[in-house]
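Nothing fancy with the numbering, it's 1 onward along the sequence. Counting starts at 1 for both ligands and their atoms, in listed order.
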Amino acid sequence: MSHDSRTTRTALRICPLCEATCGLTLTIEGTRVTGARGDRDDVFSRGFICPKGASFGGLDADPDRLRTPLVRKDGVLRKASWGEAFDAIAAALPPLTEQHGQQAVGVVLGNPNVHTMAGALYPPALLSALRTRALFTASTLDQMPKHVSSGLLFGDPNAIPVPDLDRTDHLLLLGANPLESNGSLCTAPDFPGKLKALRKRGATLTVVDPRRTRTARLADRHVAIRPGADALLLAALTHVLFEEKLTDPGTLAGHLEGLDDVAEAVREFTPEAVAEACDVDAVTIRTIARELAAAPTAAVYGRIGSCTVEHGTLASWLVDVLNILTGNLDRPGGALFPLSATARAPRTAAPGKGFTLGRWASRVSGHPEAKGELPIAALAEEIETPGEGRIRALIVLAANPVLSAPDGDRLDRALSGLDFMISVDPYLNETSRHAHVVLPPPPPSQSAHFDFAFNALAVRNQVRYTRPAVPLADGLLGESEILARLVLAVSGMHGADPSAVDAMIIDRVLAKTVADPHSPVHGRTPAELAAALTGGTGPERRLDLMLRLGPYGEGFGADPEGLTLDRLLAHPHGIDLGLLRPRVPEVLATRSGRIELLPAPIAADLPRLRTALATERGADSLVLVGRRHLRSNNSWMHNVAALRGGSNVCTLQMHPEDAARLGLADGAFATVTADGGALTAPVEITESVRTGVVSLPHGWGHDRPGTRMSVAAAAPGVNVNQLLDGTLLDRLSGTAVLNGIPVAVAPSH
Ligand SMILES: Nc1nc2c(c(=O)[nH]1)N[C@H]1C(S)=C(S)[C@@H](COP(=O)(O)OP(=O)(O)OC[C@H]3O[C@@H](n4cnc5c(=O)[nH]c(N)nc54)[C@H](O)[C@@H]3O)O[C@H]1N2
Ligand SMILES: Nc1nc2c(c(=O)[nH]1)N[C@H]1C(S)=C(S)[C@@H](COP(=O)(O)OP(=O)(O)OC[C@H]3O[C@@H](n4cnc5c(=O)[nH]c(N)nc54)[C@H](O)[C@@H]3O)O[C@H]1N2
Ligand code: SF4
Ligand SMILES: [Mo]
């Protein structure tokens with residue numbers, strides 16, 4: 001193949017920039033991506049594309065991307081070869097754990113790990129090589145409450161039901177703005193189009209959000225709730241279902257435990273009791289409950305605004321309780337569990353191990369672990385506080401917690417005091433600037449793509465895979481190879497062939513599978529099965545293995561029509577695996593084998609919600625919420641010139657009445673103060689936020705020295721998370737409270 005700069009061709013690439021996972025057709029001149037459009041033949045996205053996907057080429061070719069590793073010498077980060085970079089790691093880390101113990105090495109996993117193959121395939125091996133419990137991820141800034149509620153209800157923290165957008169008659173959406181975010185924990189290319197189609201077919205859309213978002217404007221009803229009050233609203237809806245005898249779990253009835261206990265638990269949360277705290281009148285609450293119960297099918301769906309709040313786990317739990325009580329969980333048109341092609345093949349229903357919280361706790365504040373993770377809001381104190389088990393080294397994969405987590409200034413100082421830090425990141429940014437070694441992955445066009453995470457959250461079962469659209473440039477390493485080498489370097493096998501990591505994992509999986517009497521390959525030999533795997537790379541062979549052993553797989557001959565990597569490669573636009581289907585009881589892994597409606601940790605957290613009923617707030621008090629902009633993505637897409645400007649700016653949105661009371665004009669600068677600090681931002685007066693609420697987007701504050709993101713630094717914005725001190729958490733999940741934060745706002749002089 002020639003890569004002459006005059007040849008123009010197209011190649012398919014699944015978009016890694018948000019959860020919608022659209023199929024893109026890239027135009028490539030030589031080795032440069034010069035265009036991107038939606039792939040009309042993609043079995044799932046059918047040609048949809050958004051402005052971010054359309055800017056794929058700009059992002060891919062960003063001149064600020066690192067093209068060589070960086071290694072710190074004499075305090076300064078300098079360009080280095082891959083050999084030097086891994087030598088530095090192998091020289092530093094093993095001695096450090098020998099001296100200070102395994103807990104002295106922390107790991108931070110950021111959001112893009114769910115958008116890359118490498119991020120899915122290697123962190124488990126890295127963690128098991130390190131044997132550390134100091135794991136912090138973006139989940140505790142995001143969806144950990146949902147994992148905890150699913151773990152407790154269904155026994156599996158990854159069993160997350162998704163709303164059946166294409167078939168539902170009624171959608172109650174809380175704290176999500178898919179018209180800007182393109183959806184989350186609900187993978188649906190063209191989410192906006194699906195909501196419009198929903199309205200068009202006569203289904204009802206209710207949006208609960210303190211802001212009148214683009215999504216809210218599309219709805220039949222917009223409920224401008226007071227931030228942080230969703231759990232109260234949902235508890236009152238549940239109360240009404242019981243009070244008015246509207247519960248009807250349908251076919252789920254035989255799979256439930258604790259129905260009466262839930263009725264008792266929500267008894268005092270009457271619409272009248274919660275109305276003031278939610279700022280939603282009791283009549284509206286009763287109407288919503290009755291409509292939910294009366295709809296032929298309905299789905300309740302909550303996201304960021306219902307998770308990153310003080311009662312995030314309770315709200316996440318109540319979302320599913322409502323789906324269950326109305327008979328909508330696990331039925332078409334309701335909320336269903338997807339079945340992805342790389343999931344474990346369904347077992348026959350049987351009691352499982354259940355889900356346990358708090359098996360260990362963080363060293364300094366004693367925060368309980370959830371899903372093996374500690375709150376990222378507690379990372380700085382774990383680095384700063386002396387004593388045994390203090391974190392002295394940190395491996396940061398695709399994360400920028402200096403901007404994305406609470407109190408970045410404190411974390412910034414803490415990171416600068418580490419003995420050793422590694423960042424796997426394409427940018428020298430607010431976090432990676434502290435690293436001793438920076439390992440840059442290649443641009444996305446040069447990576448293969450498979451959505452291990454999002455296929456399990458998709459509104460339709462389907463499977464797609466794209467190989468690199470452009471060959472790996474000279475001098476770069478694929479991210480899978482980077483992470484495999486990292487695993488070797490930290491486990492005393494520095495210099496071994498990175499394919500050894502994949503081979504080892506394949507062997508381990510096969511050994512376990514052939515020993516399982518329920519497996520189609522029971523009794524066969526791992527070596528024989530491993531030899532049958534196809535694929536040009538270690539990650540491809542692992543994908544082939546998962547596909548073959550998965551629920552649609554050919555099972556190494558058990559089902560000759562089933563899925564393999566080769567079959568998938570023969571379908572470049574993907575394979576449709578059909579509509580979501582009911583999966584209870586096969587998904588359940590609780591100890592009882594049933595859905596445990598009122599798990600003990602939830603029951604123990606409810607008194608905290610009761611105290612929220614009585615919270616006093618001054619007439620002029622203000623709380624802060626976040627927002628997302630269509631042409632942005634957390635902290636790292638502000639460096640793409642084509643995506644800057646328009647609504648994608650860091651302003652403090654405020655209702656005209658609040659602005660008038662405070663004497664603030666549009667464009668004037670305001671100082672915002674909260675427990676964690678203060679910042680100054682330009683005011684944008686808009687009726688899209690309700691009174692008593694101000695809004696700032698996150699991921700801004702690109703004004704620190706030592707970074708290399710020139711476009712972002714030219715209009716840096718402010719870091720909203722500087723307003724937080726990291727102490728405010730949803731206790732059950734360790735998730736930082738990022739919405740509904742009390743603030744004071746004053747004109748800035
Ligand atoms: N106030 C407030 N704070 C928030 C939120 C909020 O709503 N409000 N949202 C939270 C949420 S939902 C999340 S998920 C977190 C995100 O928190 P993080 O994951 O810490 O933040 P990102 O900005 O996504 O940063 C991702 C990092 O990965 C790098 N990167 C990009 N692509 C790749 C790649 O292919 N490989 C590698 N190795 N690195 C890559 C980027 O350069 C960047 O440094 O932020 C949270 N913070
Ligand atoms: N364009 C863009 N797309 C993205 C991202 C991005 O940064 N930009 N980030 C990606 C990531 S990592 C994630 S996790 C997803 C998130 O996807 P979404 O959950 O859709 O995220 P948001 O757009 O932040 O929507 C959250 C909404 O909750 C509202 N809200 C705040 N507080 C409350 C409250 O107390 N109650 C209620 N009911 N609502 C409240 C906010 O006003 C906001 O409109 O988006 C992903 N997609
Ligand atoms: S909606 Fe998401 S996945 Fe689709 S093109 Fe836009 S950024 Fe990419
Ligand atoms: Mo997220």
Heteroatom proximity flag, Thr116 to ligand 1, N/O under 3.5 Å | no
Lys146 side chain to Ser316 backbone, donor-acceptor under 3.5 Å = yes
Proximal candidate to atom 6 (Fe) of ligand 3 [heavy atom criterion; set Ala20, Pro178, Cys50] | Cys50
Does the N or O separation between Tyr427 and ligand 1 drop below 3.5 Å for any pair?
-> no
Considering only protein heavy atoms, which is closest to atom 30 (N) of ligand 1, and at what distance to one decimal place?
-> Pro426 CD, 3.6 Å
By number and element, which atoms of ligand 1 are closer than 4.0 Å to a non-hydrogen atom of Asp142?
-> 12 (S), 14 (S)
Ignoring hydrogens and geometry, is there a side-chain-to-backbone donor-acceptor pair from Arg72 to Ala435 under 3.5 Å?
-> yes
Note: ligand 1 atoms sitting under 4.0 Å from heavy atoms of Val720 are 1 (N)
Between the side chain of Asn739 and the main-chain N/O of Gly626, is any donor-acceptor distance below 3.5 Å?
-> yes
Could you find the nearest protein heavy atom to atom 18 (P) of ligand 1 and give me its residue, atom name and distance?
-> Ser404 OG, 3.5 Å
Approximate separation, where rounding is to 0.5 Å, of His115 NE2 and Ile14 CD1 | 13.0 Å
Count the heavy atoms belonging to other residues, nucleotides or ligands that lie under 6.0 Å from CZ of Arg40, then report whether that count exceeds 12.
-> no
Of the listed options (Glu479, Arg65, His698), which comes nearest to atom 38 (N) of ligand 1 when hydrogens are ignored and any heavy atom counts?
-> Glu479
So the atoms of ligand 3 within less than 4.0 Å of a heavy atom of Leu17 turn out to be 7 (S)
Are any side-chain N or O atoms of Asp190 and backbone N or O atoms of Phe48, one a donor and one an acceptor, separated by less than 3.5 Å?
-> no
Counting heavy atoms only, name the option from Leu17, Asp425, Thr140, Leu66 that's nearest to atom 42 (O) of ligand 1.
-> Asp425
Salt bridge (Lys or Arg N to Asp or Glu O under 4.0 Å) with Asp42: of Arg13, Arg460, Arg464, only one passes, and it is Arg464
heavy-atom search around atom 13 (C) of ligand 1 in the protein gives Asn634 ND2, 4.1 Å
Taking Asp39 for its side chain and Gly47 for its backbone only, find out whether a donor-acceptor pair lies under 3.5 Å.
-> no
Just go through Ser45, Pro189, Cys15 and tell me whose heavy atom is the nearest to atom 8 (Fe) of ligand 3.
-> Cys15
Please check if the side chain of Arg65 supplies one atom and the backbone of Leu59 the other of a donor-acceptor pair under 3.5 Å.
-> yes
Which residue holds the protein heavy atom closest to atom 9 (N) of ligand 1, what is that atom called, and what is the gap in Å?
-> Arg628 NH2, 3.1 Å
Distance from atom 1 (S) of ligand 3 to nearest protein heavy atom, with residue and atom = Asn182 ND2, 3.3 Å
May I ask you to identify the nearest protein heavy atom to atom 10 (C) of ligand 1, giving residue, atom name and distance to one decimal place in Å?
-> Leu141 O, 3.3 Å
Just jot down the ligand 1 atoms closer than 4.0 angstrom to any heavy atom of Pro441, in number order.
-> 36 (N), 37 (C), 38 (N)
Can you find an N/O atom of Asn400 closer than 3.5 Å to an N/O atom of ligand 1?
-> yes
Out of Ala736, Pro697, Ser635, whose heavy atom sits nearest atom 23 (O) of ligand 1?
-> Ser635
Would you confirm whether Asp412, through its side chain, and Gly408, through its main-chain N or O, come within 3.5 Å as a donor-acceptor pair?
-> no
Salt bridge flag under 4.0 Å for residues Asp409 and Arg704 = yes
Just say parallel, tilted or perpendicular for the rings of His638 and Trp700, cut-offs at 30° and 60°.
-> parallel
Could an N or O of ligand 1 be found under 3.5 Å from any N or O of Ile304, whether backbone or side chain?
-> no
Show which atoms of ligand 3 fall inside a sub-4.0 Å distance from at least one heavy-atom site of Gly53.
-> 5 (S), 6 (Fe)
Report the part of Leu397 in contact with ligand 1, treating N, CA, C, O as backbone and CB onward as side chain, heavy atoms under 4.0 Å; options are side chain, backbone, both, neither.
-> neither
Is there a donor-acceptor pair closer than 3.5 Å between any side-chain N or O of Thr431 and the backbone N or O of Val402?
-> yes
Residue, atom name and distance, where the atom is the protein heavy atom closest to atom 2 (Fe) of ligand 3 = Cys18 SG, 2.3 Å
Closest non-hydrogen protein atom to atom 33 (C) of ligand 1, residue and atom name please, with distance?
-> Pro112 CB, 3.8 Å
How far is atom 1 (N) of ligand 1 from its nearest protein heavy atom, and which residue and atom name does that atom have?
-> Asn721 OD1, 2.7 Å
Please confirm if an N, O or S atom belonging to Cys22, backbone or side chain, lies less than 2.8 Å from atom 4 (Fe) of ligand 3.
-> yes
Less than 4.0 Å between a side-chain N and a carboxylate O, is that true for Arg303 and Asp142?
-> yes
Which of the ligand 1 atoms, numbered from 1, are nearer than 4.0 Å to a heavy atom of Val424 = 37 (C), 38 (N), 39 (N)
Asn111, any N or O under 3.5 Å of ligand 1 N or O = yes
Any sub-3.5 Å donor-acceptor pair from Asp230's side-chain atoms to Ala315's backbone N or O?
-> no
Donor-acceptor contact present, side-chain Ser306 to main-chain Gly175, <3.5 Å = no
Which of the ligand 1 atoms, numbered from 1, are nearer than 4.0 Å to a heavy atom of Gly110 = 19 (O)
From the options Ser184, Ala398, Cys307, select the one whose nearest heavy atom is closest to atom 27 (C) of ligand 1.
-> Ala398
What do you reckon, are the aromatic ring centroids of His573 and Phe44 less than 6.0 Å apart?
-> no
